[in-house]
Amino acid sequence: MEKTHKTDLLDRYESNPIIKLEDMPFRCNTVFNGSPVKIGDEYLLLLRVEGLQGYSFFALAKSNDGFNFEVEPEPVMLPAKEGKWAPWESHGIEDPRITEIDGKYYVLYTIVGDYGHFIAIAETDNMRDFRRLGVISGPGNKDGVLFPEKINGLYARLDRPIGNDIGSIWISYSPDLVNWGFSDVVIEPRPRYWDSYRIGASVPPIPTKFGWLEIYHGVKMTSGGPIYKTGAVLLDRENPALVIGRSLIPLLSPRKDYERVGDVGNVVFACGAVIEGDGDIKMYYGAADTAICVSTGKVDDILSACLEIDK
Ligand code: BMA
């Protein structure tokens with residue numbers, strides 16, 4: 001692992017980016033914001049690909065070690081071209097986030113269409129065949145992540161509706177994964193900090209000994225445009241609307257050329273992570289909306305960052 005920037009809590013893999021345009025088996029514009037799942041010894045990464053036409057769809061990459069991936073030759077999920085989903089997905093499907101619950105895999109993703117941005121949910125057994133279950137948010141919502149277990153008998157998710165031009169992280173609950181409600185705000189952008197402009201959930205919540213660990217993205221607006229960084233918040237296990245702690249500093253900030261330069265520069269944007277061994281995390285992230293990277297670290301170090309007090 002490369003430890004060139006001691007300021008970042010997570011370490012970049014030395015051969016980042018792990019998937020870039022040259023690694024794609026078909027013509028496309030960019031590949032970024034991938035969501036991982038480890039099934040047995042195999043790592044699968046569901047990729048957001050932007051086609052040359054300008055809209056996004058999903059492809060799949062496989063790996064035996066979590067670092068060296070091979071992308072399958074055909075996309076696995078395309079925006080619907082006909083039927084009831086077509087107008088909802090006419091501008092693409094984006095930013096998948098995979099959660100396993102009781103051996104079933106659910107993907108929350110952003111659909112972009114004639115009516116704007118919404119969160120949708122699909123289920124899959126193999127990351128290749130997807131069954132659309134429904135649109136699960138109102139308009140102007142994205143960054144949906146599903147908790148990996150029910151909380152007080154209900155499914156739970158975090159998301160990012162835009163209200164009053166403010167992008168905060170909210171929680172909602174559901175009895176059946178399709179009908180959602182009981183919504184509450186969890187965290188808001190922090191004036192003065194690196195996440196002062198907008199925030200959104202990134203990685204599906206990770207259960208830890210201290211509560212739910214949510215790795216999120218935070219945006220600061222500058223005269224040069226937005227800067228997307230990665231942060232973390234710790235939520236109460238029984239009532240995740242309660243915040244136990246929130247990292248004062250980012251876990252990862254755009255510093256490398258591949259994070260600074262691309263279709264959208266100054267972006268690190270995670271959509272998932274794999275936890276293994278003794279609390280080791282592999283966090284997968286899109287760099288500059290142009291390539292896929294991985295960073296590693298210890299869950300315990302992220303928890304410590306969440307619990308640090310501002311002095
Ligand atoms: C967010 C999402 C991400 C993207 C990021 C930076 O709003 O649309 O898909 O990576 O902006 O452009």
Side-chain angles (χ1 to χ4, degrees), residues 16-21 28-36 45-51 54-59 77 79 88-98 107-113 115-120 137 139-145 158-163 165-170 188-189 194-204 214-222 224-231 250-256 258-273 283-295:
N16 272 345
I18 55 169
I19 306 177
K20 45 194 186 309
L21 193 56
C28 57
N29 183 55
T30 44
V31 52
F32 56 114
N33 299 2
S35 187
L45 197 48
L46 191 60
L47 314 171
R48 172 179 172 186
V49 178
E50 190 183 286
Y55 61 79
S56 293
F57 54 87
F58 301 153
M77 188 172 177
W88 296 83
E89 301 181 355
S90 56
H91 297 218
I93 53 177
E94 303 183 351
D95 300 352
R97 271 100 171 193
I98 304 168
V107 182
L108 267 58
Y109 56 105
T110 306
I111 54 175
V112 194
Y115 317 120
H117 291 82
F118 296 78
I119 299 167
S137 78
N141 204 336
K142 49 163 75 170
D143 301 323
V145 294
L158 301 173
D159 63 11
R160 207 287 298 282
I162 296 274
D165 211 28
I166 299 172
S168 302
I169 298 179
W170 286 65
E188 298 172 68
W194 53 274
D195 51 0
S196 55
Y197 178 63
R198 245 171 216 179
I199 53 174
S202 270
V203 174
E214 171 55 25
I215 297 179
Y216 69 96
H217 57 274
V219 187
K220 179 180 176 178
M221 187 52 87
T222 75
I227 302 177
Y228 280 72
K229 302 187 178 184
T230 308
L251 312 181
L252 199 68
S253 305
R255 301 187 191 286
K256 292 287 189 180
Y258 53 79
E259 298 159 345
R260 295 280 194 196
V261 180
D263 268 11
V264 185
N266 289 318
V267 174
V268 295
F269 194 94
C271 282
M283 188 189 82
Y284 295 86
Y285 65 98
D289 283 7
T290 297
I292 298 214
C293 295
V294 61
S295 56

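Indexing begins at 1, ligand by ligand and atom by atom, following the structure's order. Computed from a predicted model, the values in this text were never measured in an experiment.
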Side-chain H-bond candidate by donor/acceptor type, H117 with T110, under 3.5 Å: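 No - no donor-acceptor pair under 3.5 Å links their side chains.
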Test item: side-chain donor near acceptor, E89 and Y55, under 3.5 Å: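 The criterion, which ignores hydrogens and geometry beyond distance, is not satisfied for Y55 and E89.
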For [atom], what's the nearest protein heavy-atom neighbour? Residue, atom name and distance, please.
atom: atom 2 (C) of ligand 1; answer: D95 OD2, 3.6 Å
atom: atom 7 (O) of ligand 1; answer: K142 NZ, 3.2 Å
atom: atom 1 (C) of ligand 1; answer: Y228 OH, 3.6 Å

R48, any N or O under 3.5 Å of ligand 1 N or O: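 Checking ligand 1 against R48, an N or O pair does fall under 3.5 Å apart.
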Any N/O pair D289/ligand 1 closer than 3.5 Å: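 There is such a contact, yes.
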Heavy-atom closest pair, residues C271 and G34: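 So the minimum-distance heavy-atom pair works out to CB-O, 3.6 Å.
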Pairwise distance CE(M221) to CZ(R198) - rounded to 0.5 angstrom: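 M221 atom CE to R198 atom CZ measures 7.5 Å (nearest 0.5 Å).
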From OG (S137) to CH2 (W170), nearest 0.5 Å: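 Nearest 0.5 Å value for the OG-CH2 distance: 13.5 Å.
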Ligand-side contact atoms (ligand 1) for residue partner V264, heavy atom cut-off under 4.0 Å: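 In order of numbering, the contacting atoms are 12 (O).
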Aromatic plane relationship, F58 with Y109 - under 30° parallel, 30 to 60° tilted, over 60° perpendicular: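 The rings of Y109 and F58 stand perpendicular, inter-plane angle above 60°.
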Whether H217 lies under 4.0 Å from ligand 1, heavy atom: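 Contact check H217 vs ligand 1: negative.
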Mode of N33 contact toward ligand 1 - side chain, backbone, both, neither (heavy atoms, under 4.0 Å):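 Near ligand 1, N33 shows its side chain, while the N, CA, C and O stay back.
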